[in-house]
**Q** 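Mind looking over this structure? Questions follow.
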Amino acid sequence: MKKKAEWPRRLRSQEWYGGTSRDVIYHRGWLKNQGYPHDLFDGRPVIGILNTWSDMTPCNGHLRELAEKVKAGVWEAGGFPLEVPVFSASENTFRPTAMMYRNLAALAVEEAIRGQPMDGCVLLVGCDKTTPSLIMGAASCDLPSIVVTGGPMLNGYFRGERVGSGTHLWKFSEMVKAGEMTQAEFLEAEASMSRSSGTCNTMGTASTMASMAEALGMALSGNAAIPGVDSRRKVMAQLTGRRIVQMVKDDLKPSEIMTKQAFENAIRTNAAIGGSTNAVIHLLAIAGRVGIDLSLDDWDRCGRDVPTIVNLMPSGKYLMEEFFYAGGLPVVLKRLGEAGLLHKDALTVSGETVWDEVKDVVNWNEDVILPAEKALTASGGIVVLRGNLAPKGAVLKPSAASPHLLVHKGRAVVFEDIDDYKAKINDDNLDIDETCIMVMKNCGPKGYPGMAEVGNMGLPPKVLKKGILDMVRISDARMSGTAYGTVVLHTSPEAAVGGPLAVVKNGDMIELDVPNRRLHLDISEEELARRLAKWQPNHDLPTSGYAFLHQQHVEGADTGADLDFLKGCRGNAVGKDSH
């Protein structure tokens, strides 16, 4: 257990607010225009509440209300809360993709912390990229930090059927193309998809990353699943505000919580919950910020034999509301611990071990959180595939895939990019059937740019009308955590940098062998070398702005798609005062 720091002691914020010099009066005096009494600057912990609220980030639209609860908790514990707006990368608003701005948000958060008088931080997050970006920024600064998420939406219902946000968007869209649903019915269903404040109510990326924050030990136990409009979400926010003050006094930092053991716990948790493939990229990036050696091999090693026991869409049938009522993530962590799949002594933001937090919890619904013998998938996790088509790896989510396609050989039908796919996919003359393998290029970190969630390519109408709902799909793109299918993603190196994916041709045979972790382009080594030698990039390069910076410095999906100059630069130095 960590030894607590001496208290009282002089905190970082006193570099701005403590004393009588001209510079201190400059900093302190201006803040007093908000009506703060002088004794608030007496050395008590100054807590930055980093809020990703935005009207253009609907998943986080209720976070201002939660921020007030966090403030109440900070005040109660003797701290001084100051709310700070930070970059909010909305999944459903940003173009070309929110993923391109995850790193920009992380950089902005890092500098907001480093450049301002905070002793500790509450990371107020929700929408997909807001959670990893704020954890990445906080990890780089390594000040005491704690996560509180906005929580998922309530269940949606349409004509008596549960509607999972995202999951049913993909399902209903395919039904329209297959002639099984009218456009008018699709529009009617839209109203049922997002019926309350909060993030996606499926085990999509937002709920996955909330679970990852809790599994890493960066959020209070039970945080991940409380619905956004449940009063207990407000209680969690207030308790988080109380806790961060004590974390500052104890000097409990992210680097002491996010250890290699914590990341292994998170990887196994992701397998157990049937979490999003996006967790791979985000955890790799977060690990890079704290200097932890985490790789795709760790994902396969730790997650390979973990059963998927959470029966939630897109893998199962329930939604986050039922998951919370069943006991939420603490029950999953307890199950992992009982199975010998949890590092029980991993430290959490509570100051206690993860096992101390979960050992006494109860599962209230064994149809939602299943016994291991009734698991959705006996070997869940994220499968890491390698071969001549993916020398640096590719990933697949078996709990969302069709078992009969996990070993498959088929003829490649190639789309050079997303525009090529959109131009061809609805053409009845497209030479494709359900035995083929759909291949899309130039959708990776550099190629899209930003690596959009387009990997779960919709099937051609001519195949859907035959009643076929799944085909093998391969790309260097990502897939929404709410999506499903036998979809190979994050193929590395990506096509835009001349990876083997770039030279796949129509008619090539491709072999997918998930049990043996193999992804193979069925051509000779000599032919592959000839094609690669002739390859030339064919996508436009940005010439200015953040897009240019991103293009020049983003790394591959296999290492987390972070900016190369932001990894391993942990520290919290106070900048020079210019006044």
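Note that the coordinates shown come from a computational prediction; the quantities given were computed from them, not determined experimentally. Values below: every heavy atom of this structure, side chains too, minus hydrogens, waters and symmetry copies.
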**Q** How far apart are the C-alpha atoms of D297 and R386, what are their side-chain angles, what is the distance that settles it, and do they pass the salt bridge (Lys or Arg N to Asp or Glu O under 4.0 Å) test?
**A** CA-CA 11 Å; D297 291 334; R386 296 187 189 274; 2.9 Å; yes
**Q** Counting distance only, does the side-chain N/O of N278 pair as donor-acceptor with the main-chain N or O of M479 below 3.5 Å?
**A** yes
**Q** Can you check whether G126's main-chain N or O pairs, donor with acceptor, with T130's side chain at less than 3.5 Å?
**A** yes
**Q** Below 4.5 Å, heavy atoms only, C-beta onward: do L396 and T486 meet side chain to side chain?
**A** yes
**Q** Can a salt bridge be assigned to the pair R301 and D298 using a cut-off of 4.0 Å between side-chain N and carboxylate O?
**A** yes
**Q** Verify whether one side chain among T491 and D476 offers a donor that lies under 3.5 Å from an acceptor in the other.
**A** no
**Q** Can you confirm whether K129 sits close enough to Y101 that some side-chain heavy atom of one is under 4.5 Å from a side-chain heavy atom of the other?
**A** no
**Q** In the structure I gave you, are the side-chain heavy atoms of L519 and L512 within less than 4.5 Å of one another anywhere?
**A** yes
**Q** Can any side-chain N or O of E188 pair as donor or acceptor with the backbone N or O of A184 at less than 3.5 Å?
**A** no
**Q** Going through the distances and angles, do M193 and F172 end up as a side-chain contact (heavy atoms from CB on, under 4.5 Å)?
**A** CA-CA 11 Å; M193 291 182 183; F172 290 158; 3.7 Å; yes
**Q** State plainly whether the residues R411 and D431 are in salt-bridge range, i.e. N to O under 4.0 Å.
**A** yes
**Q** If you take all heavy atoms of A112 and V86, which pair is closest and at what distance?
**A** CB-CG1, 4.4 Å
**Q** Considering non-hydrogen atoms only, spot the tightest contact between A561 and I281 and give its length.
**A** CB-CG2, 4.2 Å
**Q** Carefully, step by step, assess I437 and V413 under the rule side-chain contact (heavy atoms from CB on, under 4.5 Å).
**A** CA-CA 6 Å; I437 293 179; V413 177; over 6 Å; no
**Q** Per the side-chain contact (heavy atoms from CB on, under 4.5 Å) rule, which among L284, L563, D564 passes with E555?
**A** D564
**Q** State the OG-CG distance between S54 and L63, to the nearest 0.5 angstrom.
**A** 10.0 Å
**Q** What I want to find out is whether E494 reaches K446 closely enough, with some N-O distance under 4.0 Å, to be called a salt bridge.
**A** no
**Q** One pair to check against side-chain hydrogen bond (donor to acceptor under 3.5 Å, both in side chains): S276 and T208. What are the steps and the verdict?
**A** CA-CA 6 Å; S276 169; T208 297; 5.0 Å; no
**Q** With a 4.5 Å cut-off on side-chain heavy atoms, are P391 and P500 touching?
**A** yes
**Q** Evaluate F324 against Y318 for ring-ring contact (aromatic ring centres under 6.0 Å, His included), listing each step before the verdict.
**A** CA-CA 11 Å; F324 172 59; Y318 292 108; over 10 Å; no
**Q** What's the shortest heavy-atom distance between L294 and A287, and which atoms?
**A** CB-CB, 3.7 Å
**Q** Does the ring centre of F87 sit less than 6.0 Å away from the ring centre of F94?
**A** yes
**Q** So do the side chains of I273 and V332 get within less than 4.5 Å of each other, counting heavy atoms only?
**A** yes
**Q** For D417 and N442, indicate whether the former's side chain and the latter's backbone hold a donor-acceptor pair under 3.5 Å.
**A** no
**Q** Can you measure from CG (L459) to CD (E434) and round to the nearest 0.5 angstrom?
**A** 10.0 Å
**Q** Looking at every heavy atom in both P227 and E321, which two are closest together, and how far apart are they?
**A** CG-CG, 4.4 Å
**Q** About how many Å separate CE of M258 and CD1 of I135, when rounded to the nearest 0.5 Å?
**A** 6.5 Å
**Q** With no hydrogens and no angle check, do the side chains of H408 and E511 hold a donor and an acceptor under 3.5 Å apart?
**A** no
**Q** Would you mind checking if R517 and D300 are paired as a salt bridge, meaning a charged N to carboxylate O distance below 4.0 Å?
**A** yes
**Q** Under 4.5 Å between any side-chain heavy atoms of R195 and M153, yes or no?
**A** no
**Q** Under the 3.5 angstrom rule, does the side chain of S475 hit a backbone N or O of A477 as a donor-acceptor pair?
**A** yes
**Q** Between the side chain of R304 and the main-chain N/O of C302, is any donor-acceptor distance below 3.5 Å?
**A** no
**Q** For the CG atom of N103 and the NE2 atom of H550, what is their distance to the nearest 0.5 Å?
**A** 6.0 Å
**Q** Is there a donor-acceptor contact under 3.5 Å from the side chain of K462 to the main chain of L430?
**A** yes
**Q** Using side-chain hydrogen bond (donor to acceptor under 3.5 Å, both in side chains), reason through S399 and S315 one step at a time and then give a plain yes or no.
**A** CA-CA 6 Å; S399 65; S315 300; 2.9 Å; yes
**Q** Heavy-atom distance under 4.5 Å between the side chains of P314 and W170, does that happen here?
**A** no
**Q** Distance check, rounded to the nearest 0.5 Å: L319 atom CG versus N155 atom CG?
**A** 4.5 Å
**Q** Could you check whether any side-chain N or O of H62 sits under 3.5 Å from a backbone N or O of G150, counting only pairs where one atom can act as donor and the other as acceptor?
**A** yes
**Q** Quick test of your reading of the model: are D142 and R289 salt-bridged, counting only N-O distances below 4.0 Å?
**A** no
**Q** In sequence, state the C-alpha distance, the side-chain angles, and the governing distance for E214 and N223, and then conclude on side-chain hydrogen bond (donor to acceptor under 3.5 Å, both in side chains).
**A** CA-CA 7 Å; E214 187 173 331; N223 169 80; 5.0 Å; no
**Q** Using every non-hydrogen atom in the two residues, find where F323 and L329 come nearest and quote the distance to one decimal.
**A** CZ-N, 3.6 Å
**Q** Is the backbone of F415 close enough, under 3.5 Å, to the side chain of K441 for a donor and an acceptor to pair up by distance?
**A** no
**Q** Kindly give the heavy-atom pair with the smallest separation between A138 and P254, and that separation in Å.
**A** O-CG, 4.3 Å
**Q** Would V439 and I510 satisfy side-chain contact (heavy atoms from CB on, under 4.5 Å), going step by step from the backbone distance to the final call?
**A** CA-CA 10 Å; V439 176; I510 296 175; 3.7 Å; yes
**Q** Is a donor on one side and an acceptor on the other found under 3.5 Å between the side chain of Y421 and the backbone of E416?
**A** no
**Q** Quick one about T167 and T482 (side-chain donor to acceptor, distance below 3.5 Å, no hydrogens or angles considered), yes or no?
**A** no
**Q** Let me confirm one number: the CD-CZ distance from E65 to R233, rounded to the nearest 0.5 Å.
**A** 12.5 Å
**Q** Does the side chain of E453 come within less than 4.5 Å of M99's, by heavy atoms?
**A** no
**Q** Any chance CD of E180 has more than 12 other-residue heavy atoms, nucleotides or ligands included, within less than 6.0 Å?
**A** yes
**Q** Can R102 and H282 be said to form a side-chain hydrogen bond (donor to acceptor under 3.5 Å, both in side chains), step by step?
**A** CA-CA 9 Å; R102 182 202 68 180; H282 298 323; 3.1 Å; yes
**Q** Indicate yes or no: does D420 engage K424 in a salt bridge with an N to O separation below 4.0 Å.
**A** yes
**Q** Should L385 and V488 be marked as a side-chain contact (heavy atoms from CB on, under 4.5 Å) after you check the CA-CA gap, both sets of side-chain angles, and the distance that decides it?
**A** CA-CA 9 Å; L385 304 163; V488 177; 3.9 Å; yes
